[in-house]
Amino acid sequence: MPMTLHHHHLTTVITTTLLLLLLTIYYLAASATAGLPQFREAPAFRNGKECPKPTWPTQSNDPSTIHIAMTLDITYLRGSIAGVFSVLQHATCPENTFFHFLATHHRRHLHRTILTTFPYLNFHLHHFDTNLVKGKISSSIRRALDEPLNYARIYLADLVPTTVNRIIYFDSDLIVVDDIAKLWTINLNNHVLGAPEYCHANFSHYFTPQFWSISLFSKTFEGRKTCYFNTGVMVIDLTKWRRCGYTEKLEQWMRIRKRYRIYELGSLPPFLLVFAGNVEGIEHRWNQHGLGGDNLEGLCRDLHPGPVSLLHWSGKGKPWLRLDSKRPCPLDSLWSPYDLFRHEPLFVDS
């Protein structure tokens, strides 16, 4: 009898210990995901009959697969989710899109968020090692521009499989309101990079007086018809990028910036230094940018004249923050239909 009681007691202790262990694991997992916003599940978007069937895996060099890269972090996750949702909703062949997400932290939880929000999505979550930019980032006019993940676009050619020859890079604060295939199939005409150009913008404004006062730097643009372009929407030929070593060229300007204060706007100026005057111009409809206002005050702005295929809230003001604070700009109402954020209910039905 004593042996039976002892055995029973031991079983109870083990069961209790296991239960506590499981509760601890659950609590830690819940605590870790507590910082991540929760989203509603998106509907399944299916291909039309006219769509070519993509080969598997879709990460192979399949011409019918559209590759899109976006960064993922907690701060901009709500914007990223809305961006993905908008692409799928307007695509003629949504099942032919493959998303390459770049993240530094919380990758397991971010992966779960994407999986539960878009159960049918073709995607891969790539790890962006912040050591790649350690010691290369200089402070800019806004803290958000100094985040290592803001520089991940420079390393796309190394992060995605070498079988991916072309990619579209999207910022996390935009929505697409047209078929993504139209942007994907543009002819880059031997250029490495395609983006809407804005030649009326004051190009000198993107660099400091120190840059223009040192002839070694200012001569960089000699013989080039330089125009500003926004790096939040780019079509990139990754094969040419890799062959010509553009990552190293961009890094070189980042190293120079550590010694000389030649620009203030984060990862944008190195792209202008390397590519301005050598960009395939894309219709402005594919980047109606600046809707977040300026980088300091984030004032409301209107659309540029002309048709719209993509709305981009570049600048300080983000639509989800303005909507939540009940102080939206008029154009923020165009973003809100793509917001899958799960708001807390106002009333609890008991």
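Keep in mind that this is a model prediction, so the values were computed, not measured. Numbering of residues begins at 1 and proceeds along the displayed sequence.
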Less than 6.0 angstrom separating the ring centers of F101 and H111, yes or no?
no
Centroid-to-centroid, H100 to F98, below 6.0 Å?
yes
Heavy-atom count around K258 NZ within 6.0 Å, excluding the residue itself: above 12?
yes
Hey, what's the ring geometry for W241 with F271, parallel, tilted or perpendicular (30° and 60° as the breaks)?
tilted
Checking side chain to side chain contact (heavy atoms under 4.5 Å, CB included) against L193, which of T231, L188, V279 comes through?
V279
Counting N and O atoms only, with roles assigned by atom type, does the side chain of K318 sit under 3.5 Å from a partner on the main chain of W313, one being a donor and the other an acceptor?
yes
More than 12 non-hydrogen atoms from neighbouring residues, nucleotides or ligands closer than 6.0 Å to CZ on R46, yes or no?
yes
Any donor-acceptor N/O pair, Q288 side chain to H304 backbone, under 3.5 Å
yes
Give a yes or no answer on whether the side chain of R242 reaches the backbone of A157 with a donor-acceptor pair at less than 3.5 Å.
yes
Between E251 and Y155, does any side-chain donor sit less than 3.5 Å from a side-chain acceptor?
yes
F275 ring center within less than 6.0 Å of Y246 ring center:
yes
Y228 and Y206 aromatic ring geometry - parallel, tilted or perpendicular at 30°/60° bounds:
parallel
So CD1 of I180 and CD1 of I66: to nearest 0.5 Å the spacing works out to 6.5 Å
I'd like to know whether the aromatic ring centres of F207 and F221 sit less than 6.0 Å apart in this structure.
yes
Would you find a donor on one side and an acceptor on the other, under 3.5 Å apart, between the side chain of S80 and the backbone of L72?
no
L115 and L88: same hydrophobic cluster, using ILVMFWY side-chain contacts below 4.5 Å?
yes
